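Bear in mind that the values here come from a model prediction, so they are computed numbers and not experimental data.
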Amino acid sequence: MSDVAATTGPTDQRPRWLSVTGAALWVSLSAKTIRRKIAAGELRAYRCGKTIRIKTDDLEAMMRPVPSANDW
């Protein structure tokens with residue numbers, strides 16, 4: 001069972017919390033990139049015991065739109 005599938009529950013709901021691996025799968029990045037963004041302060045993460053969890057809201061807030069050629 002994948003890490004995301006273990007945390008998602010019903011298919012019509014998105015998870016609230018993800019592991020580093022689950023967050024990486026969620027936004028199609030590597031776990032190393034997620035850890036770098038946490039270390040750089042670009043992504044908020046929370047420690048629960050020995051595990052690190054990331055809110056899906058924080059992942060979505062990290063995303064920025066790419067300007068189109070019309071915006072230049």
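Atoms CG and CD1, from L18 and I52 in turn, are 13.5 Å apart once rounded to the nearest 0.5 Å. Note: Q13 CD to T56 OG1 = 11.5 Å, rounded to the nearest 0.5 Å.
Shown here for I54 and A45, the closest heavy-atom pair between the two residues is CG1-CB, 4.1 Å. The minimum heavy-atom distance between S30 and A24, with the atom names listed, is C-CB, 3.6 Å.
Residues D58 and M62 have side chains not in contact (no heavy-atom distance under 4.5 Å, counting atoms from C-beta outward). You'll find the side chain of V27 reaches within 4.5 Å of the side chain of I34, heavy atoms only. Using a 4.5 Å cut-off on side-chain heavy atoms (C-beta onward), W17 and C48 make no contact.
Under 4.0 Å is where a charged nitrogen must lie from a carboxylate oxygen, and between R14 and D57 at least one such pair does.
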Working for side chain to side chain contact (heavy atoms under 4.5 Å, CB included), residues K37 and T33: CA-CA 6 Å; K37 291 191 173 290; T33 299; 4.1 Å; yes
